[in-house]
Amino acid sequence: AGMTREAIAQYLEILALKPDDAAALSDLAKGYLKSGQYEEVIRISGRIIKANPRDDEALANMGLAWGRLGNWNKAIASYQDALMIRPDNPSVSFRLGEAYEKTKQYGKAVEQYRLVLDKIPKADHVVIALADLYLKMGNFDEAIRWHKEVVKRQPKNAAAYANLGTAYAGKGVPKEEIENYRKALDLKPGDPVVHFNLGAAYEKGKRDAEAIREYRKVLELKPDDPDALERLADMLFKVKQYGEAAPLYEKALKTSPRKA
């Protein structure tokens, strides 16, 4: 951070003497981007673009700054302008895909991610983004296909196995759902969300003892989780363990009054 501040000060000194120095303006924009001064990135990039409307790097930096500020529509416009000048820029295509995803333009996001993979098939982060997007869209077949590709490339990716479990749950395939949640927990045993999802899968399959075990595990990790408290209480009530169920119901109501 200190070095970035010093660099920014140096670029400002150069620009005080030579206000139109293109290299100094470009480096200054990058310095502001690195230090999180996104309004300044937009201002300086605007100066660069005014001097050279075909500066695709300045347009891309402006898009990134707008995105960091949460203005995804302006980010999209900047990325589109950058790609009009240099269509074969996979990093900008990926960022445009992210911006489309943020604005729920999922079909356009898929298109950009696939364009990047056509150019760089080994880009694992794009495969993950595409797999996660298909899951978000509820396209479980494609989510399964692409998450399988993720775990093929990254066999220790616990999140990908967990997402595979969720996709199989969406398709109503309990055997694979449970199998993938278990693989996720082998890699990351302390994930309460996956323990909860595994408990729900066991519960759906009427495997009460295993569901109870998983809900207990959630509460070991997150003692005040209202959903786990309620599910465990329900399961214990179902198996007639009333004495243990009652205080869990009470705690669930205190933890989440809206359920009262």
Would you list the atom pairs, donor with acceptor, under 3.5 Å between side chains in residues 15-31 and any protein atom, with sequence neighbours excluded?
from: D21; atom 1: OD1; to: A23; atom 2: N; distance (Å): 3.1
from: D21; atom 1: OD1; to: A24; atom 2: N; distance (Å): 2.9
from: K30; atom 1: NZ; to: E57; atom 2: OE2; distance (Å): 3.4

Path from I144 to L135 over hydrophobic side-chain contacts below 4.5 Å = no

ask   = So, for P53 and I85, which heavy atoms are closest and what is the spacing to 0.1 Å?
value = O-CD1, 3.6 Å

ask   = Would a distance-only check, ignoring hydrogens and angles, find a side-chain to backbone donor-acceptor pair under 3.5 Å from K171 to T166?
value = no

inquiry  = So R153 and E149, do their side chains get closer than 4.5 Å, heavy atoms only?
reply    = yes

query = Just how far is it from atom OG1 of T103 to atom NZ of K108, taken to the nearest 0.5 Å?
reply = 8.0 Å

Using a 3.5 Å cut-off and no angle test, enumerate the donor-acceptor pairs between side-chain atoms of residues 182-192 and protein atoms at least two apart in sequence or in another chain.
from: R182; atom 1: NE; to: Y202; atom 2: OH; distance (Å): 3.0
from: R182; atom 1: NH2; to: Y202; atom 2: OH; distance (Å): 2.9
from: K183; atom 1: NZ; to: E179; atom 2: OE2; distance (Å): 3.4
from: D191; atom 1: OD1; to: V193; atom 2: N; distance (Å): 3.0
from: D191; atom 1: OD1; to: V194; atom 2: N; distance (Å): 3.4

note = Here the pair of heavy atoms bringing A245 nearest to F237 is CB-N, 3.8 Å

query = For K152, does the NZ atom have more than 12 heavy-atom neighbours from other residues, nucleotides or ligands under 6.0 Å away?
reply = no

Any donor-acceptor N/O pair, N52 side chain to I48 backbone, under 3.5 Å = no

Heavy-atom pair with the smallest gap, counting every atom of A65 and Y38 = CB-O, 3.7 Å

query = Where do V126 and Y113 come nearest, in terms of heavy atoms and distance?
reply = CG1-O, 3.5 Å

ask   = Donor-acceptor pair, S35 side chain versus Y32 backbone, under 3.5 Å?
value = yes

Side chains of Q154 and N157, donor plus acceptor under 3.5 Å = yes

query = When hydrophobic residues are tied together by side-chain contacts of less than 4.5 Å, even through go-betweens, does Y134 share a cluster with V151?
reply = no

Contact summary for V110 and L133, nearest pair of heavy atoms = CG2-CD2, 3.6 Å

task = Check whether L164 and Y181 end up in the same hydrophobic cluster, where Ile, Leu, Val, Met, Phe, Trp and Tyr are linked by side-chain heavy atoms less than 4.5 Å apart.
result = no

query = If you group Ile, Leu, Val, Met, Phe, Trp and Tyr by side-chain heavy-atom gaps below 4.5 Å, do I212 and V218 land in one group?
reply = yes

note = For H147 and A131, the nearest pair of non-hydrogen atoms, with its separation, is CE1-O, 3.2 Å

query = What about Y100 and L59, same hydrophobic cluster or not, with Ile/Leu/Val/Met/Phe/Trp/Tyr joined at side-chain heavy-atom distances under 4.5 Å?
reply = yes

